[in-house]
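Each remark here refers to the structure printed beneath this line.
Indexing begins at 1, ligand by ligand and atom by atom, following the structure's order.
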Amino acid sequence: MKLILQKGPRAEASTLVMFLAKDKGAPKPASTKFTVELKSLLDAAISDARFTGAKQESVFFRHCAVAGFTNVLFVGLGETEKLDSEAVRVAGATVYAALKGHKVTAAALSGESLFKAIKDSSVAIQALAEGLLLSDYAYDELKTKAKTPAEKFVSAVTLLTPLAPSQAQQKALKRAEILSECQNFTRWLGDTPGNLMTPTILAEETAKAAKGTGLKVTIWDKARIKKENFGGLLSVSLGSDQEPRFIIMEYKGAGAGKRPVCFVGKGLTFDSGGISIKPSAAMEEMKYDMCGGAAVIGTLLALAKLKAKVNVIGLVPASENMPGPSALKPGDVYKARNGKSVEVFNTDAEGRLILGDALAYGSEQKPVAMFDAATLTGAILVALGNTHTGVFTRDVKLRKRIQEAGETTGELVWAMPLNDFHREDMKGTHADLCNISAGRLAGSSTAAAFLEEFVSEGIPWAHFDIAGTAWNVSSRFPYCPKKSASGVIVRTFVELAESY
Ligand code: BES
Ligand code: MN
Ligand code: ZN
């Protein structure tokens with residue numbers, strides 16, 4: 001989809017889109033250019049279609065011939081007092097769905113009607129563009145029936161600005177384009193099935209995507225992983241015919257002396273549970289167990305494309321978790337990268353094993369801060385559902401920084417507890433650590449406490465459990481695809497990196 005900014009009031013498009021906020025229970029024409037014809041259409045929308053200007057509401061008029069356009073679409077923004085960038089992102093998704101539903105390929109959006117409702121026009125442009133571009137994603141490449149272009153996408157959207165578009169507005173659009181493109185790439189990595197997205201392929205696709213961006217990608221094979229004492233990553237991969245990979249991405253946007261921000265992501269390309277095998281119901285969802293790694297890859301690509309002035313390292317341990325003849329067995333003990341011994345009581349708690357080595361390696365790079373993202377625990381779904389990503393950190397300042405980043409990007413984050421009780425629960429019987437807690441409760445916090453054992457003292461670190469938010473969230477976020485990967489946490493990770 002092509003998205004451009006252009007001074008209004010006209011553009012080469014069949015359809016005019018007007019935004020309306022809900023004010024005292026009724027839609028409020030937020031534009032001075034609201035002509036008599038538009039006003040009478042709005043009256044019709046209110047009386048015939050019960051249009052109120054609520055979030056996700058839209059009314060389409062075909063062949064009404066108003067203001068030089070063939071069709072008109074009214075889109076609700078929701079209540080004026082609650083109007084924030086997320087409401088505009090949702091409005092972008094509403095526009096996209098309505099245009100697609102009515103098979104409109106080119107539309108002009110009234111910027112004036114939008115800017116009247118939300119004060120900062122650059123914020124509005126970025127959010128609207130994200131809503132549109134994130135809606136313009138579908139994982140359908142494996143379906144053999146070709147779709148006609150008109151059915152498939154809304155091809156051109158022009159946002160009409162009252163004045164000539166400013167540099168700040170153009171920059172906001174560009175930022176939205178890069179963020180959405182990279183988030184959509186993260187989704188694509190997640191949606192691609194396990195047989196087509198093995199650790200080897202994940203590494204190859206990362207290298208391919210990084211070409212020309214200034215991002216350096218280094219890939220370790222099994223022999224190197226073994227040589228580097230990544231005992232956790234190696235152990236998890238033992239039950240599979242697919243070799244593990246360790247993906248290292250480096251972006252240098254600041255001086256050589258500036259310490260990097262480090263991101264680590266779980267790249268488990270398929271999690272069967274291993275010998276502690278999972279029940280078969282919904283096991284297919286475990287192709288998404290590499291969404292943390294995919295988010296880190298998307299983050300590094302976005303930072304490089306944005307030419308962010310920061311040094312960043314991205315680390316993705318990638319493996320399958322399978323119950324093959326050489327598989328890790330309950331009770332087995334291995335030695336991790338940082339020298340700690342770990343007994344594995346449940347081979348389905350594998351994410352923490354591969355992340356442990358990566359966090360230890362990340363710590364060796366002496367980062368200013370380290371963040372990891374992982375579809376780590378089913379327990380976080382019980383606690384937070386599919387709306388909020390659970391954030392675990394003992395660092396109060398870092399927690400605040402993360403909350404602020406989340407507020408900017410619209411990705412919901414929620415601080416979860418992590419303390420010495422959880423740490424105590426992860427002590428081993430015959431090794432330093434055990435990979436599951438003796439008790440069954442607070443499973444997400446004990447998992448975080450296990451990860452903490454691999455982060456060196458003094459490094460500000462936060463763990464993001466995205467098991468609930470990485471896929472199937474379209475019921476909450478209409479710009480996310482149905483039954484697909486959401487691409488969550490890319491935008492917040494980019495925001496965090498840029499804050500250093
Ligand atoms: N990948 C799963 C976590 C998961 C579960 C993600 C459901 C998304 C949806 C992880 O590897 C896992 O299996 N965790 C176990 C840990 C347990 C054995 C301590 C879990 O959550 O059940
Ligand atoms: Mn598992
Ligand atoms: Zn897993």
Is the closest heavy atom of Leu381 to ligand 1 under 4.0 Å?
yes

Report the part of Asp271 (side chain from C-beta onward, or backbone N, CA, C, O) that has a heavy atom under 4.0 Å from ligand 1; answer both or neither where that applies.
side chain

Please list the nearest protein heavy atom to atom 19 (C) of ligand 1 with its residue and the distance rounded to 0.1 Å.
Ile436 CG2, 3.6 Å

To the nearest 0.1 Å, how far is atom 16 (C) of ligand 1 from its closest protein heavy atom, and which atom is that?
Arg352 NH2, 3.8 Å

So, is Lys266 placed with an N/O/S atom under 2.8 Å from the Zn ion (ligand 3), counting both backbone and side chain?
yes

Lys143 and Glu141 ion-paired at < 4.0 Å
no

Test item: Thr186 side-chain N/O and Ala294 main-chain N/O as donor-acceptor pair under 3.5 Å:
yes

When distances are taken from atom 15 (C) of ligand 1, the protein heavy atom at minimum range is Asp348 O, 4.0 Å

When you measure from the side chain of Asp271 to the backbone of Asp289, do you find a donor-acceptor pair of N or O atoms at a distance under 3.5 Å?
no

Tell me, which N, O or S atom in Glu350 is closest to the Zn ion (ligand 3)?
OE2

Strictly distance-based, threshold 3.5 Å: is any side-chain N or O of Glu343 a donor or acceptor partner for the main-chain N or O of His430?
yes

Given Glu285, Met286, Met283, identify the one with the heavy atom nearest to atom 9 (C) of ligand 1.
Met286

What is the minimum heavy-atom distance between Val391 and Ala462, and which atoms define it?
CG1-CB, 4.4 Å

Charged N-O contact under 4.0 Å between Asp221 and Arg224
no

Considering only heavy atoms, does Met290 approach ligand 1 within less than 4.0 Å through its side chain, its backbone, both, or neither?
neither

Closest protein heavy atom (residue, atom, distance) for atom 18 (C) of ligand 1
Asn346 ND2, 3.6 Å

Provide the number and element of each atom of ligand 1 under 4.0 Å from a heavy atom of Thr375.
1 (N), 2 (C), 3 (C), 6 (C)

Is any N or O atom of Ala349, backbone or side chain, closer than 3.5 Å to an N or O atom of ligand 1?
no

Considering all heavy atoms of both residues, which atom of Val473 and which atom of Thr469 are nearest to each other, and what is their separation?
CG1-O, 3.6 Å

Shortest non-hydrogen contact from Phe454 toward Gly356
CB-O, 3.2 Å

More than 12 heavy atoms from other groups under 6.0 Å of NZ on Lys340:
yes

Where do Tyr479 and Glu86 land on the side chain to side chain donor-acceptor pair (under 3.5 Å) test, with the steps shown first?
CA-CA 10 Å; Tyr479 44 85; Glu86 177 64 7; 2.7 Å; yes

Keeping the roles fixed (side chain from Asn229, backbone from Gly339), state whether a donor-acceptor pair exists under 3.5 Å.
no

How far is atom 8 (C) of ligand 1 from its nearest protein heavy atom, and which residue and atom is that?
Trp471 CH2, 3.4 Å

Please could you name the atoms of ligand 1 that Lys266 approaches to less than 4.0 Å, counting only its heavy atoms?
1 (N), 10 (C), 11 (O)

Enumerate the atoms of ligand 1 whose separation from the nearest heavy atom of Glu350 is less than 4.0 angstrom.
11 (O)

Starting from atom 10 (C) of ligand 1, what is the nearest protein heavy atom, named by residue and atom, and what distance separates them?
Leu376 O, 3.3 Å

Rounded to 10 degrees, what angle sits at the Mn ion (ligand 2) between Asp271 OD2 and Glu350 OE1?
100°

Which residue holds the protein heavy atom closest to atom 6 (C) of ligand 1, what is that atom called, and what is the gap in Å?
Ala467 CB, 3.7 Å

Measuring to protein heavy atoms, does anything land under 4.0 Å from atom 21 (O) of ligand 1?
yes

Other residues, nucleotides, ligands: >12 heavy atoms within 6.0 Å of Lys278 NZ
yes

Which single N/O/S atom of Asp289 lies at minimum distance from the Zn ion (ligand 3)?
OD2

Between the side chains of Glu285 and Lys483, is the shortest nitrogen-to-carboxylate-oxygen separation below 4.0 Å, so that they form an ion pair?
no

Hey, is the Zn ion (ligand 3) within less than 2.8 Å of some N/O/S atom on Asp271?
yes

